[in-house]
Amino acid sequence: MLRWQQAEGKRHALDGVFPPRPEERFVALCGEEVTVAVRDVPQLGGNWFDPTCTECEAAWLARC
């Protein structure tokens, strides 16, 4: 299941059943390994103001 997750200043895409939790690392579709912070999780009071990773967006669209 493809999903979006903000981490390290960008909104990255990943393939996984569950969203990563704060302090967990994941490999985004762009190939970067990033860590989720509390501020990256809207359910924990964070905001999704960071821009979308263009490499993740291209990889997402290629899978559709």
Side-chain angles (χ1 to χ4, degrees):
M1 172 180 198
L2 294 176
R3 62 177 65 246
W4 290 100
Q5 176 61 56
Q6 186 165 287
E8 296 186 11
K10 291 184 182 177
R11 214 166 57 103
H12 289 281
L14 66 140
D15 192 359
V17 178
F18 301 105
R21 297 179 186 137
E23 306 309 319
E24 287 185 343
R25 295 183 66 73
F26 68 92
V27 176
L29 293 184
C30 65
E32 285 188 50
E33 187 174 357
V34 293
T35 303
V36 177
V38 171
R39 69 179 175 275
D40 297 322
V41 182
Q43 295 87 342
L44 299 177
N47 296 304
W48 283 58
F49 295 138
D50 292 337
T52 300
C53 171
T54 55
E55 292 85 5
C56 280
E57 183 177 31
W60 178 295
L61 292 172
R63 290 187 178 202
C64 294

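Side chains included, hydrogens not; waters and symmetry mates left out as well; all remaining heavy atoms used.
- Sorted by first then second residue, the salt bridge (charged side-chain N to carboxylate O under 4.0 Å, His left out) pairs that include residues 3-18, not counting sequence neighbours, are E8-R25, D15-R63.
- Across all their heavy atoms, P22 and A37 have their closest contact at CB-C, 4.1 Å.
- Rounding to the nearest 0.5 angstrom, the gap separating the NE2 atom in H12 from the SG atom in C56 is 5.5 Å.
- Listed by first then second residue, pairs satisfying ring pair (Phe, Tyr, Trp, His ring centres under 6.0 Å) with a partner in residues 37-64 read W4-W60, not counting sequence neighbours.
- The salt bridge (charged side-chain N to carboxylate O under 4.0 Å, His left out) analysis of residues 36-58, with sequence neighbours excluded, yields no pairs.
- Through chains of ILVMFWY side-chain contacts below 4.5 Å, V38 is grouped with L14, F26, V34, V36, V41, L44.
- Checking side-chain atoms of E24 against main-chain N and O of T35 turns up no donor-acceptor pair under 3.5 Å.
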